[in-house]
There are 2 protein chains.
Amino acid sequence: MTAPRWLDESEARLWRAYLVLVRDLRRAFDRQLERDAGLSGADYAVLVPLSEAADGVLRMRELGRSVDWDRSRLSHQVRRMEKRGLVAREDCAEDARGSMVRLTDAGRAAIEAAAPEHVETVRRYFIDQLSEDERAVLTDVFERLNQRLDSDGAV
Amino acid sequence: MTAPRWLDESEARLWRAYLVLVRDLRRAFDRQLERDAGLSGADYAVLVPLSEAADGVLRMRELGRSVDWDRSRLSHQVRRMEKRGLVAREDCAEDARGSMVRLTDAGRAAIEAAAPEHVETVRRYFIDQLSEDERAVLTDVFERLNQRLDSDGAV
DNA sequence: TCGGACTGGGTGATGCGTCAACATCACGAT
DNA sequence: ATCGTGATGTTGACGCATCACCCAGTCCGA
């Protein structure tokens with residue numbers, strides 16, 4: 001049992017800045033989506049792959065792979081979205097276990113209304129605030145950290 | 001109505017890496033805290049300022065300033081933590097509206113059990129993965145983005 | 001001093017996120 | 001053919017996060 005290596009001042013500063021950034025960035029995006037299109041971030045995440053799919057239809061399984069959520073979370077989310085008329089569920093012809101999710105007209109209208117403002121917000125609060133060098137560093141760092149989490153089985 | 005400036009490939013790659021990192025990092029920390037001390041991230045956030053306060057007692061107001069949450073969120077959280085015996089609520093002598101939160105022995109034991117592993121996890125998946133230059137860039141970028149959110153009233 | 005505004009805190013409702021448990025179906029080995 | 005195993009999807013429960021709203025106490029100026 002060795003003594004923990006506590007964070008020094010500059011390390012703690014970085015860590016706190018990260019925590020605050022994550023929280024406030026998420027809040028800013030959620031608010032913008034809610035305000036401009038009545039969507040949550042989770043709604044948006046589901047609508048994007050659906051809007052890019054042929055005929056706006058995907059199996060739950062494929063949709064789950066696209067958003068990289070577990071089945072439970074996706075099922076709950078789709079149920080809520082179905083209740084609000086953003087998507088519709090249908091049976092799957094090829095596999096009796098399966099379930100298809102179809103983007104409704106209202107769902108397509110919502111994502112199309114939300115997307116331009118959303119990307120503008122991503123630029124305003126993130127991308128456009130960074131220099132080219134900084135973007136390169138951040139991409140490198142983020143992907144490395146993701147790999148670390150992945151190879152460590154921490155996900 | 002001008003055309004939205006969609007993200008190009010490298011910009012989208014950075015944005016996706018950020019989203020995945022945030023999600024997986026949060027999951028890794030929550031799991032570690034839950035596993036090693038039976039605490040959630042929200043529990044930990046509340047316990048830290050309490051453990052640093054004189055006598056382990058803070059007014060709700062001060063506690064709220066420390067964690068920077070709104071009153072409702074803090075009230076819900078403290079209620080759940082009180083039910084589990086991590087904190088106790090007392091009346092405030094100076095202000096009849098006030099409410100004091102006291103760290104219990106169980107609460108102190110929990111935070112002391114959790115902290116070393118928590119900081120090790122922060123190092124393992126974040127701080128220790130970065131070079132000195134990268135830490136400097138990230139601190140600078142994160143603080144700039146936070147300022148941008150702040151000055152824009154986006155919080 | 002009194003009346004209105006503000007502050008401190010709590011509650012209920014609702015959506016998000018996770019875990020455990022369950023039911024159904026597919027599929028390969030025997 | 002059937003049995004076991006894994007894949008697919010759903011549900012219930014519970015904690016986190018936010019919003020709208022409420023109540024009580026404090027404060028300050030007319």
Side-chain angles (χ1 to χ4, degrees), chain A residues 19 22-35 38-47 58-84 86-87 89-101 154-155, chain B residues 19-20 22-35 37-47 58-84 86-87 89-101 154-155:
Chain A
L19 292 175
V22 164
R23 185 192 57 182
D24 291 350
L25 220 40
R26 170 179 299 268
R27 196 140 55 183
F29 289 122
D30 285 350
R31 285 225 255 260
Q32 174 268 314
L33 282 173
E34 173 65 34
R35 174 169 46 79
L39 296 177
S40 68
D43 294 332
Y44 191 83
V46 168
L47 291 177
L58 282 178
R59 260 191 87 159
M60 285 288 280
R61 183 181 49 174
E62 305 310 324
L63 187 50
R65 288 200 221 291
S66 291
V67 294
D68 193 21
W69 294 353
D70 68 18
R71 297 192 301 276
S72 173
R73 179 177 174 189
L74 183 59
S75 179
H76 284 303
Q77 183 65 34
V78 168
R79 178 178 44 74
R80 285 190 296 264
M81 293 174 71
E82 186 179 28
K83 192 162 52 178
R84 290 160 50 213
L86 295 172
V87 299
R89 272 192 280 205
E90 305 173 356
D91 289 341
C92 178
E94 304 92 53
D95 187 332
R97 294 170 300 182
S99 189
M100 311 296 291
V101 184
V155 288
Chain B
L19 291 175
V20 171
V22 165
R23 186 192 56 182
D24 290 351
L25 219 40
R26 170 179 300 269
R27 198 142 51 184
F29 289 123
D30 285 350
R31 285 224 257 258
Q32 174 267 316
L33 283 173
E34 173 65 35
R35 174 168 47 79
L39 296 176
S40 67
D43 294 332
Y44 191 83
V46 169
L47 291 177
L58 282 178
R59 263 192 83 160
M60 284 288 280
R61 185 181 46 174
E62 304 310 325
L63 186 51
R65 288 200 222 290
S66 291
V67 295
D68 194 19
W69 293 354
D70 68 19
R71 296 193 299 274
S72 174
R73 179 177 173 189
L74 183 58
S75 180
H76 284 303
Q77 183 65 35
V78 168
R79 179 177 44 75
R80 285 190 297 264
M81 294 174 71
E82 187 180 27
K83 192 163 50 178
R84 289 160 51 213
L86 296 171
V87 300
R89 271 192 280 206
E90 306 172 356
D91 289 341
C92 178
E94 304 91 54
D95 188 333
R97 293 169 302 183
S99 190
M100 311 296 291
V101 184
V155 287

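The sequence lines fix the lettering, A, B, ..., with proteins before strands; numbering per chain opens at 1.
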Quiz item: Between Leu74(A) and Glu94(A), which has a closest nucleotide on DNA chain C that is more 5'?
Solution: Leu74(A)
Exercise. Let me know the distance between CG of Leu63(B) and P of dG8(C), rounded to the nearest Å.
Key: 14 Å
Self-check item: Basic-acidic side-chain contact under 4.0 Å: Asp24(B), Arg27(B)
Solution: yes
Self-check item: Length of the CZ-C1' vector between Arg26(B) and dG17(C), whole Å
Solution: 10 Å
Quiz item: Within a radius of less than 6.0 Å around CZ of Arg84(B), do more than 12 heavy atoms belonging to other residues, nucleotides or ligands occur?
Solution: yes
Quiz item: Below 4.0 angstrom from OP1 or OP2 of dG17(C), is there any side-chain N or O of Arg73(A)?
Solution: yes
Quiz prompt | Below 4.0 Å: OP1/OP2 of dC19(D) and any side-chain N or O of Arg31(A) | solution = yes
Quiz item: Can you find a side-chain donor-acceptor pair between His76(B) and Arg79(B) that sits under 3.5 Å?
Solution: yes
Quiz item: For the side-chain contact (heavy atoms from CB on, under 4.5 Å) test, which of Val78(A), Leu58(A), Asp43(A) pairs with Val87(A)?
Solution: Val78(A)
Quiz item: Less than 4.0 Å between a side-chain N and a carboxylate O, is that true for Arg61(A) and Asp95(A)?
Solution: no
Self-check item: Whole-Å distance separating the CD atom of Glu34(A) from the C1' atom of dC19(D)
Solution: 10 Å
Quiz item: Between Arg71(B) (CZ) and dC21(D) (P), how many Å, whole number?
Solution: 15 Å
Practice problem: Have a look at Arg23(A) and say if it touches a base, only the backbone sugar-phosphate, or nothing, with a 4.0 Å heavy-atom cut-off. | Solution: nothing
Self-check item: Whole-Å distance separating the CD atom of Glu82(B) from the P atom of dG9(C)
Solution: 14 Å
Quiz item: Looking at dT10(D), dG25(D), dT18(D), which one has an atom nearest to any side-chain atom of Arg27(A)?
Solution: dT18(D)
Quiz item: What is the minimum heavy-atom distance between Ala45(A) and Trp69(A), and which atoms define it?
Solution: CB-CZ2, 3.9 Å
Quiz item: Ser99(B) near the nucleic acid: base, sugar-phosphate alone, or nothing, with a heavy-atom cut-off under 4.0 Å?
Solution: sugar-phosphate
Exercise. Check if the side chain of Ser72(A) and the base of dT10(D) share a donor-acceptor pair of N or O atoms closer than 3.5 Å.
Key: no
Practice problem: Identify, between Asp70(B) and Lys83(B), the residue whose nearest nucleotide on DNA chain D lies closer to the 5' end. | Solution: Lys83(B)
Exercise. Please tell me which of Ala96(A) and Trp69(A) maps to the more 5' nucleotide of DNA chain C, matching each residue to the nucleotide holding its nearest heavy atom.
Key: Trp69(A)
Exercise. Give the rounded distance in Å between these two atoms: CG of Leu39(B) and P of dC16(D).
Key: 10 Å
Exercise. Ignoring backbone atoms, establish whether Ser40(B) has a side-chain N or O less than 4.0 Å from OP1 or OP2 of dC16(D).
Key: yes
Quiz item: Does dG15(D) have OP1 or OP2 sitting under 4.0 Å from an N or O in the side chain of Arg80(B)?
Solution: no
Practice problem: Please confirm whether any donor atom in the side chain of Arg97(B) sits under 3.5 Å from an acceptor in the base of dT7(C), or the reverse. | Solution: yes
Quiz item: Just how far, in rounded Å, is P of dC23(D) from CG of Asp95(B)?
Solution: 19 Å
Practice problem: Using only side-chain N and O atoms of Arg59(B), determine if any of them is under 4.0 Å from OP1 or OP2 of dG9(C). | Solution: yes
Quiz item: OP1 or OP2 of dC16(D) less than 4.0 angstrom from a side-chain nitrogen or oxygen of Gln77(B), does that happen here?
Solution: yes
Practice problem: In whole angstrom, give the distance that lies between atom CZ of Arg84(B) and atom P of dC16(D). | Solution: 7 Å
Exercise. Answer with yes or no whether His76(A) presents, from its side chain, a donor or acceptor under 3.5 Å of a partner atom in the base of dG9(D).
Key: no
Quiz item: When we call it a touch if two heavy atoms are under 4.0 Å apart, what does Asp30(B) touch: a base, just sugar-phosphate, or nothing?
Solution: nothing
Quiz item: Using a cut-off of less than 4.0 Å, is there contact between a side-chain N or O of Arg79(B) and OP1 or OP2 of dG15(D)?
Solution: no
Quiz item: So, is Arg61(A) close to the dT8(D) phosphate, meaning a side-chain N or O under 4.0 Å from OP1 or OP2?
Solution: yes
